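For clarity, every value in this text was computed on a predicted model and none was experimentally measured.
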Amino acid sequence: MDRKEKRSLIGQFMDITNNRFNESELDTLVDIVTKRKEYNGNTNTVHNSFTDKSSEGKYTRNEQTKYTFFGDDDNVRIDVDYEYHDDDGDRDKSHYSYTTGRDILNNLSNIFKK
């Protein structure tokens, strides 16, 4: 498969406009889109905890970031759900979906850690 065919196949499942990829990156994206149903639902959760200071004093923050791969007949994406809880009661959460080829490449290692 030549570069043009690879880009055409990848472009059916994710936004790759205005993205430049080397041959290895294209091969990785082709692998992802051809095995998207096999990878669908793969997830990895990363926990982190640290102590810091604010104007109100010292606090401990516990973070959780969950990376989930989704692949179906329409698209491929990586969803990131982040939340934190401070021991002083502060908490928040956020959600983001990565849908471009470059963002997916940048976040693959967060899901498929060995």
Side-chain angles (χ1 to χ4, degrees):
M1 185 180 305
D2 66 22
R3 287 182 66 80
K4 188 175 180 178
E5 292 170 320
K6 290 177 186 179
R7 287 186 69 87
S8 176
L9 173 64
I10 296 163
Q12 294 175 38
F13 300 97
M14 65 185 76
D15 180 14
I16 59 169
T17 55
N18 300 321
N19 286 197
R20 299 181 96 164
F21 303 104
N22 63 37
E23 204 61 39
S24 174
E25 291 170 329
L26 284 174
D27 290 341
T28 298
L29 290 173
V30 166
D31 182 63
I32 290 299
V33 299
T34 57
K35 296 179 181 174
R36 66 192 177 282
K37 291 183 180 179
E38 178 183 330
Y39 295 145
N40 188 41
N42 274 321
T43 186
N44 184 38
T45 303
V46 178
H47 298 274
N48 186 38
S49 181
F50 62 90
T51 301
D52 204 355
K53 296 178 187 175
S54 72
S55 60
E56 298 175 12
K58 191 171 160 183
Y59 68 94
T60 299
R61 174 166 290 180
N62 294 302
E63 300 176 315
Q64 175 178 297
T65 308
K66 181 178 180 184
Y67 300 89
T68 307
F69 182 92
F70 290 99
D72 57 27
D73 290 336
D74 297 322
N75 66 30
V76 169
R77 74 179 193 277
I78 294 176
D79 284 358
V80 179
D81 294 293
Y82 169 81
E83 63 182 88
Y84 73 84
H85 307 282
D86 292 348
D87 62 355
D88 65 1
D90 193 20
R91 60 181 38 202
D92 199 7
K93 60 172 73 175
S94 63
H95 172 84
Y96 190 78
S97 292
Y98 291 106
T99 58
T100 68
R102 178 59 56 205
D103 287 339
I104 289 171
L105 281 172
N106 289 342
N107 282 279
L108 276 177
S109 65
N110 293 320
I111 295 173
F112 300 106
K113 290 190 183 231
K114 303 229 176 194

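Atom CZ of R77 is separated from atom CG of N107 by 13.5 Å, given to the nearest 0.5 angstrom. Taking NZ of K93 as the reference point, atom OG1 of T65 lies at 13.0 Å (rounded to 0.5 Å). With rounding to the nearest 0.5 Å, the separation of CG in N18 from OG1 in T100 is 10.5 Å. A distance of 10.5 Å separates CD1 of I78 from OG1 of T43, quoted to the nearest 0.5 Å. In this structure, CG on N42 lies 7.0 Å from CD1 on I111, to the nearest 0.5 angstrom. Note that the CG atom of D73 and the CZ atom of F13 stand 7.0 Å from one another [nearest 0.5 Å].
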Would D90 and R61 satisfy side-chain contact (heavy atoms from CB on, under 4.5 Å), going step by step from the backbone distance to the final call?
CA-CA 9 Å; D90 193 20; R61 174 166 290 180; 4.2 Å; yes
Kindly indicate, with the supporting measurements, whether the criterion side-chain contact (heavy atoms from CB on, under 4.5 Å) is fulfilled by H47 and N62.
CA-CA 7 Å; H47 298 274; N62 294 302; over 6 Å; no
Using the rule given for salt bridge (charged side-chain N to carboxylate O under 4.0 Å, His left out), can you reason through R102 versus E25, listing the C-alpha separation, both sets of side-chain angles and the distance that settles it, and then say yes or no?
CA-CA 9 Å; R102 178 59 56 205; E25 291 170 329; 2.8 Å; yes
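Although no hydrogens or angles enter the test, the distance criterion places a donor-acceptor pair under 3.5 Å between the side chain of D72 and the main chain of N75. The backbone N or O of G71 sits less than 3.5 Å from a side-chain atom of N40, completing a donor-acceptor pair. A donor-acceptor pair is defined here as one N or O able to donate and one able to accept, closer than 3.5 Å; no such pair exists between the side chain of N106 and the backbone of I104. Distance alone, capped at 3.5 Å, is enough to place a donor-acceptor pair between the N44 side chain and the N110 backbone. Formation of a donor-acceptor pair under 3.5 Å by the T28 side chain with backbone atoms of S24 is found in this model.
Side-chain contact check for L9 versus T34: some heavy-atom pair is nearer than 4.5 Å. Considering only heavy atoms from C-beta on, D81 comes within 4.5 Å of H95 through its side chain. Considering only heavy atoms from C-beta on, I10 stays 4.5 Å or farther from F21 through its side chain.
By the side-chain hydrogen bond (donor to acceptor under 3.5 Å, both in side chains) test, Y98 is found to be paired with no residue, residues two or more places apart in sequence or in another chain being considered. Take K6 and apply the salt bridge (charged side-chain N to carboxylate O under 4.0 Å, His left out) test, not counting sequence neighbours, and it matches E23, D27.
Residues N48 and F50 approach most closely at ND2-CD2, 3.9 Å, considering heavy atoms. Here the closest heavy-atom approach between residue D79 and residue S97 is recorded as OD1-OG, 2.6 Å.
Taking Ile, Leu, Val, Met, Phe, Trp and Tyr as hydrophobic and joining them when side-chain heavy atoms fall under 4.5 Å apart, one finds Y82 in a cluster with Y84.
Counting heavy atoms of neighbouring residues, nucleotides and ligands inside a 6.0 Å radius, atom CD of E56 does not exceed 12 of them. The environment of CZ in R3 is crowded: more than 12 heavy-atom neighbours from other residues, nucleotides or ligands sit within 6.0 Å.
Here the options are D52, T51, D86, the test is side chain to side chain donor-acceptor pair (under 3.5 Å), and the partner is T60; only T51 passes.
Two different hydrophobic clusters hold Y67 and F70 under the rule that ILVMFWY side chains link at heavy-atom gaps under 4.5 Å.
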